K.L.:
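Encoded as structure tokens, here's the structure I'll be asking about.
No experiment lies behind these values; they were computed from the predicted model shown. For the numbers below, each heavy atom of this structure counts, side chains included, while hydrogens, waters and symmetry mates do not. In what follows, chains carry the letters A, B, and so on, assigned in the order in which the sequence lines appear, proteins first and then strands, with residues in each chain numbered from 1.
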Amino acid sequence: LAKTTQPISMDSYEGQEVNITCSHNNIATNDYITWYQQFPSQGPRFIIQGYKTKVTNEVASLFIPADRKSSTLSLPRVSLSDTAVYYCLVGALGSTLTFGKGTMLLVSP
Amino acid sequence: GAGVSQSPSNKVTEKGKDVELRCDPISGHTALYWYRQSLGQGLEFLIYFQGNSAPDKSGLPSDRFSAERTGGSVSTLTIQRTQQEDSAVYLCASSSDRAFDNSPLHFGNGTRLTVT
């Protein structure tokens, strides 16, 4: 199982770009990298998923270097509503998916 | 379409009693996961069902915990002789397993269990 390491917490201000990096040194060939967002009293919600290089959707970008041993979630121009816990999950369908401890992002005015 | 549904949303029980938590996955999703989240903590894997295969029970913390999935759809997590340390939010997630599609997990909003 690929173990992930993320910063415990990060602080930002509204309008700034936030980059959260996740380390996963023992990622397997068939593992994908998926990021989830969790608000209090809710289940985690899918943000973005990638395998290699760069993926972008309407809410975030995901940068994955060639060796795939880390990944960076980029949130452009954050707002107060982006305050949440962000989880990096590494794994593949058909396997046990184990979450790390997540990163608590606090966005201030 | 409907998302993952969990019931009850809140459950308060006395120490020593048994509880059953229910999860209705998204229709057609063959993979189903249970996680536990204690206050302010990350997600702890409990058990994983994939189609008709034997479930991966490696995360169950003790033999007081069990889960089943009937007809490849609804799942029930049972905790026998509850203890105060069982107090947590129990989250269920499902995903599809179509070939070549690494579908992400879809979570319910969990059942908050309080053991008094």
Side-chain angles (χ1 to χ4, degrees), chain A residues 1-9 20 22 27-52 55 57 59-60 62 64 68 71 73 83-106, chain B residues 3-7 9-10 21 23-26 29-60 88-113:
Chain A
L1 298 175
K3 180 180 177 181
T4 59
T5 303
Q6 305 174 231
I8 294 173
S9 63
I20 306 174
C22 179
I27 187 170
T29 301
N30 59 344
D31 284 345
Y32 282 73
I33 301 158
T34 312
W35 285 80
Y36 293 85
Q37 175 191 56
Q38 186 179 28
F39 297 112
S41 302
Q42 294 185 22
R45 182 177 70 174
F46 170 79
I47 301 174
I48 196 167
Q49 182 181 83
Y51 184 80
K52 60 181 179 181
V55 179
N57 62 21
V59 297
L62 178 59
I64 305 169
R68 304 204 323 127
S71 58
L73 173 71
T83 293
V85 178
Y86 293 81
Y87 292 96
C88 161
L89 178 66
V90 175
L93 275 183
S95 66
T96 300
L97 298 175
T98 303
F99 284 78
K101 296 186 182 300
T103 298
M104 174 65 217
L105 172 64
L106 176 62
Chain B
V4 176
S5 177
Q6 292 188 245
S7 60
S9 55
N10 283 283
L21 312 179
C23 173
D24 284 88
I26 292 173
H29 280 191
T30 58
L32 187 147
Y33 297 78
W34 282 98
Y35 291 88
R36 177 169 72 174
Q37 188 169 36
S38 300
L39 187 63
Q41 301 299 309
L43 284 77
E44 175 189 4
F45 166 77
L46 297 177
I47 188 168
Y48 160 55
F49 295 89
Q50 176 62 59
N52 296 320
S53 303
D56 178 349
K57 305 179 181 180
S58 60
L60 294 178
V89 175
Y90 290 81
L91 291 159
C92 174
S94 70
S95 70
S96 70
D97 66 344
R98 293 171 298 182
F100 310 115
D101 177 9
N102 199 75
S103 173
L105 299 177
H106 298 261
F107 281 86
N109 283 327
T111 294
R112 180 175 299 278
L113 175 66

K.L.:
What verdict does the side-chain contact (heavy atoms from CB on, under 4.5 Å) test give for B:Tyr35 and A:Thr98, after you've listed the backbone C-alpha separation in whole Å, the side-chain angles of each residue and the deciding distance to 0.1 Å?
P.N.:
CA-CA 9 Å; B:Tyr35 291 88; A:Thr98 303; over 6 Å; no

K.L.:
Show the nearest heavy-atom pair for residues B:Tyr33 and A:Leu97, with the distance to one decimal.
P.N.:
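For B:Tyr33 versus A:Leu97, the nearest heavy atoms are OH-CD1, 3.4 Å.
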
K.L.:
Could you check A:Arg45 against B:His106 for side-chain contact (heavy atoms from CB on, under 4.5 Å), going step by step and ending with a plain yes or no?
P.N.:
CA-CA 7 Å; A:Arg45 182 177 70 174; B:His106 298 261; over 6 Å; no

K.L.:
With a 4.5 Å limit on heavy-atom distance, are the side chains of B:Leu91 and A:Pro44 in contact?
P.N.:
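Yes, their side chains come closer than 4.5 Å.
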
K.L.:
Just do the side-chain contact (heavy atoms from CB on, under 4.5 Å) check on B:Leu105 and A:Thr34 with the steps written out, would you?
P.N.:
CA-CA 9 Å; B:Leu105 299 177; A:Thr34 312; over 6 Å; no

K.L.:
Identify the heavy atoms of B:Gln37 and A:Tyr87 that sit nearest to each other, and give their distance.
P.N.:
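Nearest pair, atom of B:Gln37 first, then A:Tyr87: NE2-OH, 3.1 Å.
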
K.L.:
Keeping B:Asn109 on the side-chain end and A:Gly43 on the backbone end, is there a donor-acceptor pair under 3.5 Å?
P.N.:
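At least one qualifying donor-acceptor pair exists.
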
K.L.:
Counting only non-hydrogen atoms closer than 4.5 Å, does B:Leu43 touch chain A with its backbone (N, CA, C, O), its side chain (CB onward), both, or neither?
P.N.:
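Both parts, backbone and side chain.
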
K.L.:
What's the shortest heavy-atom distance between B:Arg112 and A:Ser41, and which atoms?
P.N.:
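So the minimum-distance heavy-atom pair works out to NH2-OG, 4.1 Å.
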
K.L.:
Among all residues two or more places apart in sequence or in another chain, which pass the ring-ring contact (aromatic ring centres under 6.0 Å, His included) test with A:Tyr51?
P.N.:
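With neighbours one apart ignored, the set is A:Tyr32.
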
K.L.:
With only heavy atoms counted, which part of B:Gln6 is less than 4.5 Å from chain A, the side chain, the backbone, both or neither?
P.N.:
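No part of B:Gln6 comes within 4.5 Å of chain A.
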
K.L.:
Which is it for A:Tyr36 and B:Phe107 under the side-chain contact (heavy atoms from CB on, under 4.5 Å) test, yes or no, and what are the steps along the way?
P.N.:
CA-CA 10 Å; A:Tyr36 293 85; B:Phe107 281 86; 4.3 Å; yes

K.L.:
Answer yes or no: does atom CG of B:Asn52 have more than 12 heavy-atom neighbours from other residues, nucleotides or ligands under 6.0 Å?
P.N.:
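No.
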
